[in-house]
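Okay, so here's the structure we're looking at.
Chain identifiers are assigned alphabetically (A, B, ...) following the order of the sequence lines, protein sequences preceding nucleic acid strands; residue numbering begins at 1 within each chain.
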2 protein chains.
Amino acid sequence: MARPRTSRTRERIQEAALELFAEQGVRQTSLRQIADRLSLTKPALYYHFASREELVASLLQPLTDDLDALLAEDEAAGDVDARELLGRYFDVSYRHRAVTGLMLRDLPTLSEFGVVERIVDWRRRLTTLLVGPDADVAARARAIVALGGLGDCLVLLADTPVDELRTAALDAACAALGHPAG
Amino acid sequence: MARPRTSRTRERIQEAALELFAEQGVRQTSLRQIADRLSLTKPALYYHFASREELVASLLQPLTDDLDALLAEDEAAGDVDARELLGRYFDVSYRHRAVTGLMLRDLPTLSEFGVVERIVDWRRRLTTLLVGPDADVAARARAIVALGGLGDCLVLLADTPVDELRTAALDAACAALGHPAG
DNA sequence: GTCTATAGGCCGATAGAC
DNA sequence: GTCTATCGGCCTATAGAC
């Protein structure tokens with residue numbers, strides 16, 4: 001039976017799940033804990049989500065959709081400035097920073113959702129955009145440090161005002177790429 | 001009853017566990033799977049390790065011991081060159097690269113072992129050694145990108161010969177720090 | 001939409017024979 | 001040192017009342 005795609009209770013379940021996933025990990029969080037936080041019972045969750053897997057996937061989707069769209073855009077644009085590209089990547093990651101944090105910290109759990117393959121693909125395409133398709137190890141290392149560093153800054157400097165954080169993270173990432181002036 | 005600290009079977013259990021943890025995550029791996037891979041049974045594992053937790057902790061200990069020792073040395077030395085410091089950090093992480101990979105990818109699971117607190121402490125002390133104790137956000141971002149990037153290179157360029165990998169990773173990390181020549 | 005009750009499975013861990 | 005057998009617990013998921 002078709003249930004509405006959004007409802008207040010459904011959103012509250014997603015919010016509580018995301019909080020608990022961030023606090024203690026995805027695999028370590030049971031449906032019972034999510035239900036308890038909302039003073040519901042487990043079967044109530046199953047009214048809104050067909051399975052635990054569907055709940056997790058519904059949390060990942062907005063970020064993956066935005067990243068796929070961003071990459072398709074930049075690949076179509078042809079000639080892209082590195083700092084602008086990294087800036088757009090930062091903005092998407094920041095907008096979904098709770099889920100971004102999950103993806104950085106909880107990879108083995110999320111591998112059941114094909115997340116690992118998608119992340120590997122994103123990084124491959126971003127690396128191609130940054131240092132070209134046939135880059136040597138040195139160039140690939142610079143791209144890895146730049147891209148990984150952006151994500152690490154998001155997580156580790158989470159309480160910094162976003163403007164300041166954005167500038168600092170982009171400066172460091174561009175320096176790693178070998179573009180000291182940006 | 002005191003069991004020997006090392007034995008061939010004990011080592012084989014640790015090797016099989018580390019393989020499975022790397023393949024599918026720590027929390028996703030049961031004692032039954034580890035026993036099956038060795039054609040043993042669960043109770044045989046309990047002869048060698050008092051609990052699942054003790055098995056995991058025994059895998060983490062060599063890396064944590066080496067990192068603690070390295071940091072104590074560098075903090076005592078006073079004046080340290082950034083590239084040399086990062087080089088020693090790379091060498092320890094590479095020597096224990098299987099466990100290093102676990103610590104980067106499986107943080108929520110390993111948080112039960114106090115690993116998160118230790119990693120946060122290591123990064124804080126390494127950051128202090130690299131950019132000083134009162135660094136601003138921009139400097140801390142550079143240190144985060146440099147340190148995180150080293151680990152990412154270890155994982156993502158795992159099939160690169162170590163000499164080449166070491167040079168490429170250190171070059172990129174030093175560039176992020178703002179020391180382009182090393 | 002939410003509940004009570006429960007099925008069915010895998011887990012970590014232990015008892016006790018060999 | 002390793003086995004068979006088993007315990008108690010928590011999990012995901014479902015049946016069916018309200």
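Using a cutoff of 4.0 Å between basic side-chain nitrogens and carboxylate oxygens, A:D136 and A:R140 are not scored as salt-bridged. A salt bridge between A:R37 and A:E23 is present, with a side-chain N of the basic residue lying under 4.0 Å from a carboxylate O of the acidic one. Ion pairing between A:E73 and A:R125 fails under the 4.0 Å rule for side-chain N and carboxylate O. Electrostatic pairing of A:D106 and A:R27 does not count as a salt bridge here, judged by no charged N lying under 4.0 Å from a carboxylate O. One finds no salt bridge joining B:E117 and B:R124 here, because no Lys/Arg side-chain nitrogen approaches an Asp/Glu carboxylate oxygen to under 4.0 Å.
Computed from coordinates, the B:L40 CG to D:dT4 P distance equals 11 Å when rounded to whole Å. Taking atom CD of B:E54 as the reference point, atom C1' of C:dA13 lies 14 Å away to the nearest angstrom. B:D36 has its CG atom 14 Å from the C1' atom of C:dC11, to the nearest Å. Nucleotide C:dC10 holds its C1' atom 10 Å from the CZ atom of A:R27, rounded to whole Å. Spacing between atom CG of B:L31 and atom C1' of C:dA13 amounts to 9 Å, rounded to whole angstrom units. Atom OH of B:Y46 and atom C1' of C:dG16 are 17 Å apart (whole Å). Per the geometry, CD belonging to B:E11 stands 13 Å off P belonging to D:dG1, to the nearest Å. Summarising the geometry, the separation between NE2 on B:H48 and P on D:dC3 is reported as 10 Å, rounded to the nearest angstrom.
Each of A:P43 and A:Q33 lies near DNA chain D, and the nucleotide nearest A:Q33 is the one positioned closer to the 5' end. Comparing B:K42 and A:R32 against DNA chain D, the residue whose closest nucleotide sits nearer the 5' end is B:K42.
For the OP1/OP2 pair of C:dT2 and a distance below 4.0 Å, the side-chain nitrogens and oxygens of A:Y47 include no atom meeting the criterion. Checking the phosphate oxygens (OP1, OP2) of C:dT2, no side-chain nitrogen or oxygen of A:T41 falls inside 4.0 Å. Proximity of B:S30 to the phosphate of C:dC11: a side-chain N or O atom is located under 4.0 Å from OP1 or OP2. Note on A:T9: a side-chain N or O is less than 4.0 Å away from OP1 or OP2 of C:dT2. Phosphate proximity of D:dC11 to A:T29: absent, as no side-chain N or O sits under 4.0 Å from OP1 or OP2.
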